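This report refers to the structure that appears directly beneath it.
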There are 4 protein chains.
Amino acid sequence: MSVYISRMSSKRRRVLMTPDARRQQLIAAATWVFARKGYRQAGISDIIARAGVARGTFYLYFTSKQEIFVAIVNDIHGRITRALAGVDSAAALAGHATDPQAILRASARRWLAFFAEHRDAATVILKEASSIDPRFEKGFTELRQSAAAFFAARFKRLQELGMARSSMQPELFAHLQLGMFDELLNRFVLRDPHADLDALAAALADFEWNGIRAH
Amino acid sequence: MSVYISRMSSKRRRVLMTPDARRQQLIAAATWVFARKGYRQAGISDIIARAGVARGTFYLYFTSKQEIFVAIVNDIHGRITRALAGVDSAAALAGHATDPQAILRASARRWLAFFAEHRDAATVILKEASSIDPRFEKGFTELRQSAAAFFAARFKRLQELGMARSSMQPELFAHLQLGMFDELLNRFVLRDPHADLDALAAALADFEWNGIRAH
Amino acid sequence: MSVYISRMSSKRRRVLMTPDARRQQLIAAATWVFARKGYRQAGISDIIARAGVARGTFYLYFTSKQEIFVAIVNDIHGRITRALAGVDSAAALAGHATDPQAILRASARRWLAFFAEHRDAATVILKEASSIDPRFEKGFTELRQSAAAFFAARFKRLQELGMARSSMQPELFAHLQLGMFDELLNRFVLRDPHADLDALAAALADFEWNGIRAH
Amino acid sequence: MSVYISRMSSKRRRVLMTPDARRQQLIAAATWVFARKGYRQAGISDIIARAGVARGTFYLYFTSKQEIFVAIVNDIHGRITRALAGVDSAAALAGHATDPQAILRASARRWLAFFAEHRDAATVILKEASSIDPRFEKGFTELRQSAAAFFAARFKRLQELGMARSSMQPELFAHLQLGMFDELLNRFVLRDPHADLDALAAALADFEWNGIRAH
DNA sequence: GATGAATGAGAGTTCATTCAT
DNA sequence: TATGAATGAACTCTCATTCAT
């Protein structure tokens with residue numbers, strides 16, 4: 001029965017695209033699939049079904065499932081790196097240079113927005129980052145390292161300006177911040193398209209700046 | 001090839017155990033395996049090899065790979081629940097009731113120690129918690145919920161005592177705390193058997209209590 | 001439609017065998033298949049269909065198609081080596097020690113009979129020996145080397161006894177003999193179960209001994 | 001990846017050729033490829049890469065991979081047929097008409113030289129001749145038949161002249177000769193561009209004429 | 001004519017699960 | 001109860017062939 005159904009629905013119309021466009025299309029499809037099924041659970045079948053191409057087409061652009069995954073991670077890494085460059089200068093330009101908490105808030109807001117915009121890619125990263133597959137270890141480590149280094153550097157600047165306590169280790173703080181981001185993304189942002197990013201960013205910055213003590 | 005080897009060297013001695021003991025033995029083996037390979041990478045072969053049991057025996061105790069995974073999560077959930085009951089009272093008993101930061105520190109210290117003691121189980125949880133598999137969603141959600149609720153409740157008590165700022169939402173704080181815990185465990189505790197738990201707990205409590213502002 | 005047919009005819013009865021027996025059965029099936037289809041053309045499907053086992057069963061005994069091929073070649077190599085040991089002594093025992101042509105004839109007869117008995121294996125060797133696949137190069141080279149060395153050694157003995165011309169290089173003669181054997185097998189023996197091996201062996205020995213000159 | 005490389009470096013210049021020239025070019029490329037990789041290992045990709053032609057172009061000249069293979073075999077068959085016509089007359093012209101061994105030697109020398117000159121084509125024939133593929137059976141059988149018939153006819157002439165023993169069957173001798181040729185080509189000529197063809201031809205003729213008996 | 005992106009049947013392989021012993 | 005040989009659906013990947021440009 002399913003044989004007949006597939007026979008009827010198949011006979012795909014051949015659609016030609018430039019290699020670059022097809023590649024991007026496949027990366028998009030794979031991101032979508034990986035975000036929903038996870039790397040191992042997802043099959044090439046899912047990806048090509050989503051992209052609407054034949055099996056062989058996939059292997060015209062990527063030599064393996066692994067390769068497209070790396071391509072996705074690199075793609076995101078690139079976007080993040082580019083975004084990173086803009087975050088601080090943008091925050092500074094916003095004229096809050098003298099208000100650290102405002103800087104923290106603006107920065108957090110931008111990060112949350114960035115991942116909200118790249119929901120699927122962010123999901124892939126968060127879901128698979130802890131996967132044990134050693135073939136991907138490198139990509140994820142670099143990604144996380146980049147972020148941690150960025151946060152640590154910014155914190156150090158605050159310390160040098162005498163604004164942040166010098167008793168706090170920058171690297172440790174960077175990781176705590178990463179952990180909080182992960183959780184906020186996982187819990188609130190990625191699950192809810194209408195999450196109030198402003199409120200989350202404000203609360204986070206407030207906590208980071210003041211702690212929980214009632215002064 | 002390996003067939004011959006096993007035939008020659010093993011010829012497993014039938015070790016009789018009570019059903020409960022067998023079950024526990026299998027859960028322990030599976031925990032060890034899942035922690036190292038991840039749920040999907042790990043095969044039944046790995047588990048039975050570690051347990052020293054035949055293939056069929058596994059299915060005498062668990063109807064599927066999925067089921068033993070759920071059993072592991074439930075097992076841990078139980079341990080955590082039991083541990084949770086002791087954490088606060090223990091902290092209180094320690095006589096720091098009047099020093100909130102000390103309470104936070106002692107509590108964090110206990111949590112870190114708990115997971116350090118259950119390294120493999122903790123690894124399984126952290127690695128697979130973000131797995132998308134909806135069959136596991138429930139177990140993980142409950143686990144996390146339990147922890148979040150516990151943290152939120154404690155924070156609320158601090159607020160009621162006028163020790164913590166009332167502008168901070170308990171639920172949000174609970175999640176931030178969870179995120180920081182995850183990261184500390186992942187980055188420092190689970191990777192390093194000799195991690196300095198005291199220092200980590202102290203730093204965490206200090207940050208939670210004071211934030212990063214230079215007062 | 002074929003779906004239904006296969007559904008009806010499938011549901012294989014599960015037949016248990018000892019690993020050794022199953023292994024031999026698979027080697028036999030693969031030899032049969034490779035002899036008829038050639039290594040690359042033949043699929044695992046053909047082998048398991050012939051053996052009447054499931055796909056997975058094959059991989060229980062061989063890790064790859066390549067491996068079972070090597071197993072076949074080794075199997076034959078072993079048989080040949082064992083046969084080689086018997087050929088000459090047997091020929092000598094036959095009491096023809098003083099009649100070189102009779103020795104050549106008896107030896108040829110035995111060789112032809114050996115390959116006639118292992119028709120499929122012989123076919124595999126002859127068909128695939130010239131295959132370019134470098135993964136099999138070694139096995140075949142050894143096989144051929146063994147045979148060539150054996151022939152060369154025997155010829156040298158004849159020379160030392162003053163029975164064979166010393167102007168003929170043993171190694172070259174060994175190869176010429178191999179070439180003739182190949183052709184006889186290919187043309188006459190392997191294609192025709194009723195080939196007159198006595199006649200072929202006699203003609204070959206006659207030619208080797210006397211050449212074609214009318215004395 | 002290679003996609004980018006080829007895009008950047010190639011952008012193939014449309015080289016216009018007459019259909020016949022294209023066809024020959026493709027046959028040459030395929031011969032080269034098949035000789036090195038074997039029929040099944042070789043891909044259309046290899047052939048078009050060697051020919052510097054697009055995928056579709058190949059199918060403009062040959063309807064299938066199989067067809068170009070047949071074309072190669074026919075091509076060689078034609079060359080051999082043409083060469084055959086010249087061999088004997090040439091040998092005769094050389095004035096050795098009265099010395100049968102010299103005729104054998106000269107003939108062998110010419111054959112060896114012919115295949116040495118068409119090394120790749122010869123390799124293809126020898127490697128694939130034993131391929132089981134029934135689609136190619138015909139071509140190879142004809143090829144071999146032609147050669148065998150030629151050798152048999154010449155031998156018969158020697159017999160009629162009373163120079164060769166009449167007890168030797170011409171057809172059998174023809175095949176023995178073919179077998180020896182195959183082996184010499186395979187072992188010595190095709191592997192070594194500097195093989196001493198004179199020596200090989202002399203040794204072969206000597207053996208054929210005199211056998212191995214010490215007279 | 002010529003191109004090369006696209007196709008999809010079919011290959012080899014894996015592994016959770018079953019069942020004869 | 002315990003065993004481990006056997007199963008087969010599902011997976012990743014290949015490549016001769018097609019066809020829109």
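In what follows, every chain begins at residue 1, and chains take the letters A, B, ... in the order their sequences are listed. All values derive from a computational prediction rather than experimental measurement.
Per the geometry, OH belonging to B:Y39 stands 12 Å off C1' belonging to E:dC15, to the nearest Å. Between D:I44 atom CD1 and F:dC15 atom P there is a gap of 11 Å when expressed in whole angstrom units. When rounded to the nearest whole Å, the span between CD of B:Q66 and P of E:dC15 equals 18 Å. If you take CG of B:D133 and P of E:dA16, they are 13 Å apart, rounded to a whole angstrom. Rounded to an integer number of Å, the gap from CD of C:Q41 to C1' of F:dA16 is 13 Å. Atom pair D:I47:CD1 and E:dG4:C1' shows a separation of 17 Å (rounding to whole Å applied). The distance between atom CG of C:L60 and atom P of E:dT17, rounded to the nearest whole Å, is 17 Å. A:K37 places its NZ atom 11 Å from the P atom of F:dA10, with the value rounded to the nearest Å.
Contact annotation: A:R22 reaches the phosphate of E:dA6 (side-chain N/O to OP1 or OP2, under 4.0 Å). Contact annotation: A:Y59 reaches the phosphate of F:dC13 (side-chain N/O to OP1 or OP2, under 4.0 Å).
Counting any heavy atom pair closer than 4.0 Å across all strands shown, C:A51 reaches no nucleic acid atom. Using a 4.0 Å heavy-atom criterion, one finds that D:S64 contacts the sugar-phosphate atoms exclusively. No engagement by A:F62 is indicated, since no non-hydrogen atom pair under 4.0 Å with the nucleic acid exists. The residue A:A21 sits apart from the nucleic acid: no heavy atom pair falls under 4.0 Å.
Base pairing annotation: E:dT21 forms a Watson-Crick or G-U wobble pair with F:dA2, both donor-acceptor distances under 3.5 Å. Across all strands shown, F:dT7 is found opposite E:dA16 as a Watson-Crick or G-U wobble partner, with both distances under 3.5 Å.
Between the side chain of A:R14 and the base of E:dA6, at least one donor-acceptor pair of N or O atoms lies under 3.5 Å.
Ring planes of D:Y39 and D:F69: perpendicular class, angle over 60° (limits at 30 and 60°). Ring geometry for D:F136 against D:F140 counts as perpendicular: the plane angle is over 60°, on a 0 to 90° scale with 30° as the lower cut.
Candidate nucleotides E:dA6, E:dT21, E:dT3 were compared by shortest atom distance to the side chain of A:L16, and E:dA6 ranks first. The side chain of C:R55 lies closest to E:dT13 when the candidates are E:dA6, E:dT13, F:dA6. In the set E:dA5, F:dA6, E:dT3, E:dA5 carries the atom at the smallest distance from any side-chain atom of A:P19.
When each of B:K65 and A:G52 is assigned the nucleotide of DNA chain E with its nearest heavy atom, A:G52 is the one assigned upstream, toward the 5' end. Comparing B:G56 and A:G43 by the nucleotide of DNA chain F whose heavy atom lies nearest to each, the residue mapping closer to the 5' end is B:G56. For the pair D:F58 and A:V15, both in contact range of DNA chain E, the more 5′-proximal nearest nucleotide belongs to D:F58. Residue-to-nucleotide proximity on DNA chain F shows that, of B:Y61 and C:M17, the 5′-proximal contact is made by B:Y61.
Between B:D120 and B:R36 there is a salt bridge, since a side-chain N of the basic residue sits under 4.0 Å from a carboxylate O of the acidic one.
Under the 4.5 Å side-chain criterion, counting only non-hydrogen atoms from C-beta, C:I68 is in contact with C:F58. Between A:R55 and A:S45, the closest side-chain pair of non-hydrogen atoms falls below 4.5 Å. Residues A:I125 and A:V73 have side chains not in contact (no heavy-atom distance under 4.5 Å, counting atoms from C-beta outward).
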